[in-house]
Amino acid sequence: MDFSNLNDYDRKQMERLIEEKQMRDFMRMYSNLVDRCFDNCVNDFSTKTVTSKENTCVNRCVEKFMKLSERASARFAEQNAQLNQEMQQQQQQQRK
Amino acid sequence: MDFSNLNDYDRKQMERLIEEKQMRDFMRMYSNLVDRCFDNCVNDFSTKTVTSKENTCVNRCVEKFMKLSERASARFAEQNAQLNQEMQQQQQQQRK
Amino acid sequence: MDFSNLNDYDRKQMERLIEEKQMRDFMRMYSNLVDRCFDNCVNDFSTKTVTSKENTCVNRCVEKFMKLSERASARFAEQNAQLNQEMQQQQQQQRK
Amino acid sequence: MDNETQMRMAQQEFELVTDLLHKITQRCYQKCYDKNYKTGDATTKESLCMDKCVVKYFQVNKNVNDKLQAASQAKMEQQLRAQEILEKRRRRK
Amino acid sequence: MDNETQMRMAQQEFELVTDLLHKITQRCYQKCYDKNYKTGDATTKESLCMDKCVVKYFQVNKNVNDKLQAASQAKMEQQLRAQEILEKRRRRK
Amino acid sequence: MDNETQMRMAQQEFELVTDLLHKITQRCYQKCYDKNYKTGDATTKESLCMDKCVVKYFQVNKNVNDKLQAASQAKMEQQLRAQEILEKRRRRK
């Protein structure tokens, strides 16, 4: 975000809001990931300890999600940049 | 809501809170609708563009949800009015 | 929470925040419970009134959830206490 | 009752009603819609299903609400237990 | 446009983008992942599926957004109806 | 550490614990309950399942937490990317 037209107070305020949102997003992603990997990998409730097989499954589930999540973010960034470019072109056409 | 017993400041505050909630509700409904229609209509990931068939499905999904959502709201309003009437009758009986 | 090192204002503020969170949690649990029991028990939409069979199912659904929820809380408390104990032991080892 | 409390209660009630409307809409749509999407119009079957579903959801909501009024004390007890957990943890810091 | 309004809009836009990223990640993972978890690495099939899914989700999001721009007035009308409900209720208290 | 920071951290911890309790309750109930609802009582099978499920969920939660401590830097990098997107957009306005 372009903060150059904001004073110091507003800039710090905005940075704090962004940081809080990022923390909330991380906690939400983490919470969903635990739920999803537990749901996919742990289905035997005759034992009171996570089995080695279940633990391996959870580890792979977490790793796979992180890798595919990273890939989605990269594609998301590309799509957003493309969308911004299209919006800019439309605005330039409207000015003519 | 009956705002006649509120001063100007409180009334404006309340109207702003309602407006914010309505905006959040609209964004939530919209977000859920995109998710739902994407989930129901887009399942072929061998192509990088939404197909004509998928796009038609999404359009119909959105239109159908809006129509049934409107109908649910009308019935909801009736049920709420009926509930309020029952509450009023109970209160009158309690006063006797 | 240890509030002994907080002044009166901060303590009241903290207690209010806890109370608000508990109220939100209760409303969220209640909302999810209505949704879940409706989803599991009410599937006949040729009638406009909840049938006796559906009502019995909903009642049992609510009772069962409350009982199992209570049990989960008790086990949760035990696990949390155990986790705290482990954390304390680790901290003592680090000090040596 | 002062103005601040009155406004907070009014806001909470407004949120309750709009959240309930959202939830009923989502749940009843899920129960009633036809996945084939032959048309963007709502069919008679879907529409009548929505009508009955909304009424039934209201009834279930009221029944569960009545049941939980009695159980709310038990839930508060449960929440206090979670609070005690945290108190013990923070004493060790 | 004063600073407060400008900041609120910037914050809302930031939240929109990050919420969309979260939702796309969840939905596309659901569509693309292989439940067997033979490995922690993403397979070629899963990766290419994610690529296409993100692009398609963007397209659907834009299409639905365009459709709803016209319908937003109808939704506001619906919300006002809920507000009238509450007004009637509170007059009785 | 000043009082405001201390209180914010205490609040966040309280929210973490209560959110975890909520999530465990929902997930374990989903795993363990018998859909037939022959009774409102919890059966022995359901109860023992809940006991083990809560313990296992705690273990998975801790394991995923440990794994993500290392990956949190990567996530922050991802978030900064989203922020850069918005910065570019706003420069054009």
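Bear in mind that the values here come from a model prediction, so they are computed numbers and not experimental data. Chain naming here is simple, since letters A, B, ... match the order of the sequence lines and numbering starts at 1 in each.
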Any side-chain heavy atom of D:Gln30 within less than 4.5 Å of one from C:Asp39?
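With C-beta onward as the side chain, the pair stays apart.
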
With a 4.5 Å heavy-atom cut-off, do C:Phe45 and D:Asp51 have their side chains touching?
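No, too far: nothing below the 4.5 Å cut-off.
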
Using modelled atom types and a 3.5 Å cut-off, is there a donor and acceptor pairing between side-chain atoms of D:Lys56 and backbone atoms of C:Val42?
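No; zero donor-acceptor contacts below 3.5 Å.
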
Got a donor-acceptor contact below 3.5 angstrom from the D:Lys31 side chain to the C:Asp44 backbone?
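Not a single qualifying donor-acceptor pair exists.
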
Using a cut-off of under 4.5 Å for heavy-atom pairs, which of C:Val62, C:Asn43, C:Val50 has the most such pairs with chain D?
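Of the options given, most contacts go to C:Val50.
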
Under 4.5 Å from a heavy atom of chain D, the part of [X] involved:
{"X": "C:Asn59", "answer": "both"}
{"X": "C:Ser46", "answer": "backbone"}
{"X": "C:Met27", "answer": "side chain"}

Closest heavy-atom contact between D:Leu68 and C:Tyr30?
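Closest pair (atom of D:Leu68, atom of C:Tyr30, distance): CD1-CD1, 3.3 Å.
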
Heavy-atom pair with the smallest gap, counting every atom of D:Arg27 and C:Phe38
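Closest heavy-atom pair between D:Arg27 and C:Phe38: CG-CD2, 3.7 Å.
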
What's the separation between atom [atom1] in [X] and atom [atom2] in [Y], rounded to the nearest 0.5 Å?
{"X": "C:Glu20", "Y": "D:Arg8", "atom1": "CD", "atom2": "CZ", "value": "6.0 Å"}
{"X": "D:Asn65", "Y": "C:Leu33", "atom1": "CG", "atom2": "CG", "value": "11.0 Å"}
{"X": "D:Asn61", "Y": "C:Cys37", "atom1": "CG", "atom2": "SG", "value": "11.5 Å"}

Just so I understand: if I count every heavy-atom pair under 4.5 Å between each of D:Gln26, D:Met50, D:Lys23 and chain C, which residue has the most?
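Winner by heavy-atom pair count: D:Lys23.
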
Best-contacting candidate, D:Val64, D:Val54, D:Asn63, D:Asp19, against chain C by heavy atom pairs under 4.5 angstrom
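Max contact count across the listed options: D:Val64.
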
Is D:Leu16 in contact with chain C via its backbone, its side chain, both, or neither, using a 4.5 Å heavy-atom distance?
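For D:Leu16, the side chain is the part near chain C, not the backbone.
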
Just wondering, more than 12 heavy atoms not from D:Lys67 lying within 6.0 Å of its NZ?
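Atom NZ in D:Lys67 is packed in, count exceeds 12.
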
